[in-house]
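Keep in mind it's a predicted model, so treat the numbers as computed, not measured.
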Amino acid sequence: MFENDSASGRDCNYTHGTRIDYLRTLNDGHAWGVSLVQNMYTPEEHTRYNVPGQHPYCGYMALGGAYMWRGQQFGWAGELQLGLTGKASCAGRFQNVLHDAFNMPNWEGWHDQIRSEATMELTLRQEWAPPVLQRSLGRGWELESAFVLRESVGSVRISGGSGLTWRIGHNLPPTTQAAGNSPTNFNVGLITKPHYNPSRTSYFLLLEMYADYVARDLSVDGGIFHHFERTCTRTPWQLEGRAGVGVRHQQIDYYAGLLVYSRTYKTQDENSVMGTFSISWSW
């Protein structure tokens with residue numbers, strides 16, 4: 001899964017995220033998985049140092065392990081991520097390689113990023129799809145709604161929130177939920193679909209609204225073990241909205257869409273708009 005703010009024509013704040021997953025299904029709805037994540041954050045101005053009132057330079061890379069249980073109406077997942085910030089995350093190096101490849105200007109301030117340290121983060125997610133919110137529209141078309149809860153605690157993020165997801169489409173698959181570049185998201189919904197026909201092509205439109213209370217955000221507040229002069233103030237209440245389209249054909253899932261984040265710090269100029277793309281292969 002890739003997220004990048006080039007869709008909005010900007011290159012700042014949360015500017016890029018990559019997530020690579022492997023998920024192995026067990027019996028009776030249980031599964032385990034591993035993930036590799038890298039996120040990049042930059043100020044709103046191309047400078048050699050952090051700018052007061054703007055997002056600090058920050059890189060994050062983590063390896064995660066997850067366990068999940070999937071049911072027909074309720075499912076849950078938990079993921080533990082062990083990560084690194086600062087130069088050890090290789091965020092600045094990867095960003096410069098990408099910018100050189102696409103002839104884009106480099107950010108020169110990665111030497112002034114949030115310092116390197118080890119991180120630990122535990123995230124839980126629950127999905128509930130009550131039957132009263134599910135509708136068959138005939139000829140294989142369906143409308144599906146699900147409530148989502150997510151809680152995180154650790155040195156990276158302390159937060160909790162809830163949201164609602166809608167999908168409308170033909171032969172809706174249990175995969176391609178596209179919950180974004182967040183822990184516990186393996187591009188797989190936590191609700192199983194016993195009437196899904198894997199031999200037929202699936203396609204759908206996805207909409208999601210999510211509200212989050214954030215008590216800590218490493219990318220804004222800085223690390224725990226190194227002094228960090230905070231240059232901006234975190235916004236505690238944050239909103240996410242996403243819209244996109246998904247297709248599943250011959251066991252391969254494709255998703256493309258837009259993701260809107262509200263301001264993550266109080267002096268941020270405007271909301272962040274990210275383009276997101278994911279592809280997964282089931283066998």
Side-chain angles (χ1 to χ4, degrees), residues 1-4 7 17 19-31 33 35 66 68-77 125-150 162-182 184-211 239-260 273-283:
M1 172 176 287
F2 299 95
E3 291 180 346
N4 193 280
R19 182 178 170 94
I20 302 172
D21 299 318
Y22 173 79
L23 184 69
R24 179 69 181 267
T25 300
L26 304 175
N27 53 12
D28 298 327
H30 296 271
S35 65
M68 66 175 62
W69 179 80
R70 305 167 69 200
Q72 294 187 27
Q73 296 183 28
F74 178 80
W76 64 268
R125 181 169 123 244
Q126 305 87 37
E127 290 183 10
W128 178 45
V132 68
L133 296 181
Q134 317 309 313
R135 288 288 183 269
S136 175
L137 306 179
R139 298 188 177 183
W141 289 86
E142 303 170 75
L143 173 62
E144 174 187 88
S145 304
F147 294 103
V148 180
L149 298 175
R150 189 172 68 220
S162 62
L164 186 60
T165 299
W166 300 270
R167 291 194 306 167
I168 182 170
H170 188 271
N171 190 36
L172 287 177
T175 53
T176 319
Q177 298 298 84
N181 177 22
S182 60
T184 70
N185 174 36
F186 284 77
N187 208 32
V188 173
L190 298 180
I191 306 299
T192 60
K193 299 187 66 62
H195 303 298
Y196 162 70
N197 185 349
S199 66
R200 301 180 63 183
T201 299
S202 304
Y203 39 88
F204 63 88
L205 170 68
L206 178 141
L207 297 173
E208 181 181 82
M209 293 296 298
Y210 184 85
L239 300 174
E240 298 177 20
R242 73 177 65 248
V245 293
V247 176
R248 188 172 210 259
H249 180 65
Q250 294 183 351
Q251 305 287 52
I252 301 179
D253 297 280
Y254 308 88
Y255 175 84
L258 290 177
L259 169 62
V260 179
V273 180
M274 310 288 291
T276 178
F277 174 77
S278 65
I279 182 171
S280 60
W281 175 33
S282 303
W283 73 93

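Environment of NE2 in His30: crowded, with over 12 heavy atoms of neighbouring residues, nucleotides or ligands closer than 6.0 Å. A 6.0 Å sphere centred on CH2 of Trp128 holds no more than 12 heavy atoms belonging to other residues, nucleotides or ligands.
Remark: the backbone N or O of Gln251 is not paired with any side-chain donor or acceptor of Trp283 at under 3.5 angstrom. In this structure, Asn171 contributes its side chain and Asn197 its backbone to a donor-acceptor pair below 3.5 Å. Panel note: side chain Arg19, backbone Asn185; a donor-acceptor pair is recorded below 3.5 Å.
Considering only heavy atoms from C-beta on, Phe186 stays 4.5 Å or farther from Ser280 through its side chain. At a threshold of 4.5 Å between non-hydrogen side-chain atoms, the residues Leu137 and Ile168 count as touching. Between His195 and Glu142, every side-chain heavy-atom pair lies at or beyond the 4.5 Å cut-off. The side-chain heavy atoms of Trp166 and Leu164, taken from C-beta on, include a pair separated by under 4.5 Å. Residues Thr192 and Pro174 have side chains not in contact (no heavy-atom distance under 4.5 Å, counting atoms from C-beta outward). Using a 4.5 Å heavy-atom threshold, the side chains of Met274 and Asn181 count as separate.
Going from atom CE of Met209 over to atom CD of Glu240 covers 9.5 Å, rounded to the nearest 0.5 Å. Put simply, CG on Asn4 and CZ on Phe277 are 13.5 Å apart, with the number rounded to the nearest 0.5 Å. Of the inter-residue distances, the one linking Leu206 atom CG with Arg167 atom CZ reads 7.0 Å to the nearest 0.5 angstrom.
Applying side chain to side chain contact (heavy atoms under 4.5 Å, CB included) to Ile191 and the options Gln72, Gln73, Glu127, Glu144 leaves one that passes, Glu127.
Seen from the ring of Tyr255, Arg248 does not count as a face-on cation partner, given the 6.0 Å and 45° thresholds.
A pairwise comparison of heavy atoms in Arg125 and Thr184 identifies NH1-O, 2.6 Å as the closest pair. Scanning all heavy atoms of the two residues, the minimum distance from Gly275 to Leu258 falls at CA-CD2, 4.2 Å. The two residues Tyr210 and Val148 make their nearest non-hydrogen contact at CE1-O, 4.4 Å. Nearest heavy atoms, Leu205 versus Gly244: CD1-O, 3.3 Å. Contact detail for Ser278 and Met1: the closest heavy-atom pair is CB-CE, 3.8 Å.
By the ring-ring contact (aromatic ring centres under 6.0 Å, His included) test, Tyr203 is found to be paired with Trp141, His170, residues two or more places apart in sequence or in another chain being considered. In terms of the side-chain hydrogen bond (donor to acceptor under 3.5 Å, both in side chains) criterion, Arg70 has no residue partners (sequence neighbours excluded).
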List the atom pairs, with distances to 0.1 Å, where a side-chain N or O of residues 129-136 and a protein N or O form a donor-acceptor pair under 3.5 Å, not counting sequence neighbours.
unit_1 : atom_1 : unit_2 : atom_2 : d
Gln134 : OE1    : Ser145 : N      : 3.3
Gln134 : NE2    : Pro130 : O      : 3.0
Gln134 : NE2    : Ser145 : O      : 2.8
Arg135 : NH1    : Val132 : O      : 2.9

